[in-house]
Undergrad: 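Before I ask anything, let me first share the structure, which is written out below as structure tokens.
All values reported here derive from a predicted model rather than from experimental measurement. Protein chains get the first letters and strands the later ones, always in sequence-line order, with residue 1 at the start of each.
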Amino acid sequence: MVRHKITTRDGLAAAGIGLRSAHVAEIMETRPAIGFLEVHAENYMTDSPAIGGLEKLRRDYAISIHGVGLSLGTAGALDRQHLSCLSTLVDRVDPDLVSEHLSWSALPGIYLNDLLPLPYTEESLEIVSAHIDEAQAALGRRLLIENPSAYLRFRHSTIAEGEFLAELVRRTGCGILCDVNNLYVNADNFGFDPWAYLAALPARAVGEIHLAGHHRADVDGRTILIDDHGSAVSKPVWDLYAHALHRFGPKPTLIEWDSRLPALGVLLGEARYADRISAMTVAERRARAFA
Amino acid sequence: MPSLEELQRDICDVICGGDEAHLPDLVSGDGMDPRARLRIYRNHAIITLTDALKATYPVICRLVSDSFFAYAAHEFLRGHMPARPNLTDYGGEFPDFLAEFPPCRDLSYLADVARLEWSINEALHAAGIPAIARTEFSGISAADAPRLVLALHPSVRFLKSRWPIERIWRANQADGDPDLAIDLDSGEVRLQIHRRGDKVALKSLTDCEWAFLRALARGETLADAADVALRTDLLFDLTVTLGTLLEEGGVVGFRLKED
């Protein structure tokens, strides 16, 4: 069997899905044609049978390792033990992509199990840059850094998030994982222009895109969008995705759906839809180039 | 302005249930009370960590109801946030917490059922080392056999309880009968928990099997372990117990103890 690649025969980036334990057996059995499988690094850090399943799938599929626990934004030292576990996993699986978040999750001895927002200041920029440098050196490869969803902003932030990411790229050589749903959710919750945000990102540094569902919740008498990965990608997020592809060109795109997990076929349908949008924007970009 | 370190310490306190103090001044309201924004993060931690505990302790959840479990988890979280990002290691203190939790005082078996679920969780995530077969002992002479020290599979756990925890656990599996009448005074149980492939198997042990296997797990020689077992029950059958352990894939290595 030919190994699936993130890039299809015609050079387009093909969409992938998150690998969830409930779907592993069906994927092993049916070997659906998808661009790649993405796993959460922290689910494979013990030497349990799950890693064996991933190694088997790795023979046929491109793999993306997505970390949620490195806490690049913690003010103190990086958790070296965690970095070493991530490094062992990356060496073992040899993934096509490795990503983490522009956020913090831990203080020494306490893990908060969330991707918490940072104030975007010169101090944060120095801390996150130093941690990305350290992580990239330990992993021996480029990290993609994801823009998080956020429900609060700090008054003392002085740098816009898009510019903060662009500066991290300049300082560390990292790439960007542009989560279009997170961007949409934040733009709606805080009332900023997501198009201007995309314009601030260096297109060539974007190495992956995430798409997911969100829901509306009433908090303190106001409706806010919550990024819960629990439903289909919404129409405005697809629209913003198409716009992002016009700006970045086709990119490996992940359908993230990990709460209220649907049947595998539903995830594959979302991935195929992403592929269609990607093909359409490529055609439009070409048409524009020759116009 | 606070340093990033100070800010993170304060946010951490709020997420762990502490006071917001001066944090609201640092958070932009964007049309809402900044404290409501902080509460979104506090609630997220409670919900996701309760879900993580529920995934490890499904039988406890079924025994006490979803709403009581959420209450117990909420109280547990106050003093037991995860220490590390790997949540498969999270929640090992929950059984001891339940044992001391006043609202559970009448459910005396609950903590031991939780200890069983924790052992199952540990077995599920233990390293996958291949077991050794009988034939690998062919080079050991009969004279050396008493000095054998066996390495048990990393997933093997032993658990003793004065309650029928295995029957309670089985009755509360998807294919079990939750209305089954279980006699709580049916006597002490001794269990072996062990992962085979990707499934965890539970097995009830006799007193002498328990004594023998626990001695092996402590690193005692075959002769010493058999001696302990025989003192427990004169009819202890070494060949059968050792053979079963090997059949079950419970041994991953051996060495000869030096005199």
Side-chain angles (χ1 to χ4, degrees), chain A residues 21 41-53 67-71 73-76 79 81-82 85-86 104-119 121 123-124 126-128 150-157 189-191 217 219-222 224 226 228 259, chain B residues 1-9 11-16 23-49 51-52 77 80-90 122-129 154-155 195 197-199:
Chain A
S21 52
E42 286 67 17
N43 293 342
Y44 295 88
M45 286 185 173
T46 57
D47 206 7
S48 68
I51 183 85
V68 298
L70 193 53
S71 196
T74 292
D79 180 340
Q81 191 188 340
H82 191 72
C85 288
L86 180 62
W104 67 283
S105 310
L107 292 184
I110 300 185
Y111 177 65
L112 297 165
N113 198 36
D114 201 351
L115 301 162
L116 295 151
L118 286 163
T121 60
E123 183 198 11
S124 300
E126 278 172 27
I127 287 167
V128 179
Y151 307 101
L152 62 79
R153 297 194 286 189
F154 296 99
R155 289 183 192 279
H156 58 296
S157 283
N189 288 341
F190 299 129
V219 179
D220 196 35
R222 217 197 119 187
I224 62 161
I226 304 274
D228 67 346
S259 58
Chain B
M1 272 314 116
S3 69
L4 185 59
E5 196 173 348
E6 290 161 343
L7 178 72
Q8 290 179 335
R9 232 183 273 285
I11 290 177
C12 185
D13 280 349
V14 171
I15 291 176
C16 296
L23 260 182
D25 295 340
L26 301 172
V27 172
S28 166
D30 287 303
M32 271 168 65
D33 183 343
R35 281 169 298 203
R37 293 194 173 276
L38 288 163
R39 273 198 298 277
I40 294 175
Y41 287 97
R42 162 91 178 125
N43 290 338
H44 179 270
I46 292 172
I47 291 168
T48 58
L49 293 173
D51 283 349
L77 285 173
H80 302 87
M81 287 296 281
R84 305 200 46 84
N86 185 351
L87 288 188
T88 55
D89 292 344
Y90 177 58
E122 284 189 320
L124 268 177
H125 295 102
I129 300 177
S155 72
R195 190 185 74 226
D198 55 3
K199 296 252 182 319

Undergrad: Give, as side chain, backbone, both or neither, the part of A/Ser157 having an atom under 4.5 angstrom from any heavy atom of chain B.
TA: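 For A/Ser157, neither part sits under 4.5 Å from chain B.
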Undergrad: Would you name the heavy atoms of A/Ile110 and B/Met81 that are closest together and state the gap between them?
TA: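 In this case the closest contact between A/Ile110 and B/Met81 is CG2-CB, 4.0 Å.
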Undergrad: For B/Asp51, which atoms come within 4.5 Å of any heavy atom of chain A: side chain, backbone, both, or neither?
TA: neither
Undergrad: Who wins among B/Asp198, B/Asn86, B/Leu26, B/Leu49 for the most heavy-atom pairs under 4.5 Å with chain A?
TA: B/Leu26
Undergrad: Nearest 0.5 angstrom please: A/Ile127 CD1 to B/Glu5 CD, how far?
TA: 8.0 Å
Undergrad: As an exercise, state the distance from CG of B/Leu4 to NE2 of A/His156, rounded to the nearest 0.5 Å.
TA: 7.5 Å
Undergrad: So which atom in A/Gly69 and which in B/Pro85 form the shortest heavy-atom distance, rounded to 0.1 Å?
TA: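 Closest approach of A/Gly69 to B/Pro85: O-CG, 3.5 Å.
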Undergrad: For the interface with chain A, which of B/Arg195, B/Glu6, B/Arg35 has the highest count of heavy-atom pairs at distances below 4.5 Å?
TA: B/Arg195
Undergrad: Could you look at B/Thr48 and say if it's the side chain, the backbone, both or neither that has a heavy atom under 4.5 Å from chain A?
TA: both
Undergrad: Just verifying a value: how many Å separate B/Thr88 OG1 and A/Tyr44 OH, rounded to the nearest 0.5 Å?
TA: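 Here the rounded value is 12.5 Å.
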Undergrad: For the pair B/Arg84 and A/Asp79, find out whether any cationic side-chain nitrogen is under 4.0 Å from an anionic carboxylate oxygen.
TA: yes
Undergrad: Kindly compute the distance separating CG (B/Leu87) from CG (A/Asn113), expressed to the nearest 0.5 Å.
TA: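 Rounded to the nearest 0.5 Å, the CG-CG separation comes to 4.5 Å.
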Undergrad: Between atom OH of A/Tyr111 and atom CG of B/Asp89, what is the distance when rounded to the nearest 0.5 Å?
TA: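 Reported to 0.5 Å precision, the distance equals 12.5 Å.
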Undergrad: Heavy-atom distance under 4.5 Å to chain B: side chain of A/Arg153, backbone, both or neither?
TA: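 Backbone plus side chain of A/Arg153, per the 4.5 Å heavy-atom cut-off to chain B.
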Undergrad: So which atom in A/Asp220 and which in B/Asp33 form the shortest heavy-atom distance, rounded to 0.1 Å?
TA: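 Heavy-atom minimum between the residues: OD2-N, 3.1 Å.
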Undergrad: Atom CG in A/Leu152, atom OH in B/Tyr41: separation rounded to 0.5 Å?
TA: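 Between atom CG of A/Leu152 and atom OH of B/Tyr41 there are 4.5 Å.
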Undergrad: Would you mind checking which part of A/Leu112 comes under 4.5 Å of any heavy atom in chain B, side chain (CB onward), backbone (N, CA, C, O), both or neither?
TA: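 Both parts, backbone and side chain.
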Undergrad: Against chain B, work out which of A/Val219, A/Thr121, A/Val68 has the most heavy-atom pairs shorter than 4.5 Å and name it.
TA: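 The answer is A/Val219.
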Undergrad: Please classify the contact between B/Ser3 and chain A as side chain, backbone, both or neither, with a heavy-atom cut-off of under 4.5 Å.
TA: both
Undergrad: If only atom types and distance count, is the side chain of B/Gln8 paired as donor or acceptor with the main-chain N or O of A/Gly76 below 3.5 Å?
TA: no
Undergrad: Where on B/His44 is there a heavy atom nearer than 4.5 Å to chain A: the side chain, the backbone, both, or neither?
TA: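 Only the side chain of B/His44 comes within 4.5 Å of chain A.
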Undergrad: Side chain, backbone, both or neither: which part of A/Ile51 has an atom under 4.5 Å from a heavy atom of chain B?
TA: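 No part of it gets close to chain B.
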Undergrad: Please name the pair of heavy atoms, one in A/Arg222 and one in B/Asp30, separated by the smallest distance, quoted to 0.1 Å.
TA: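 Here A/Arg222 and B/Asp30 meet closest at NH1-O, 2.6 Å.
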Undergrad: Sort B/Met32 into side chain, backbone, both or neither according to what part of it lies under 4.5 angstrom from a heavy atom of chain A.
TA: both
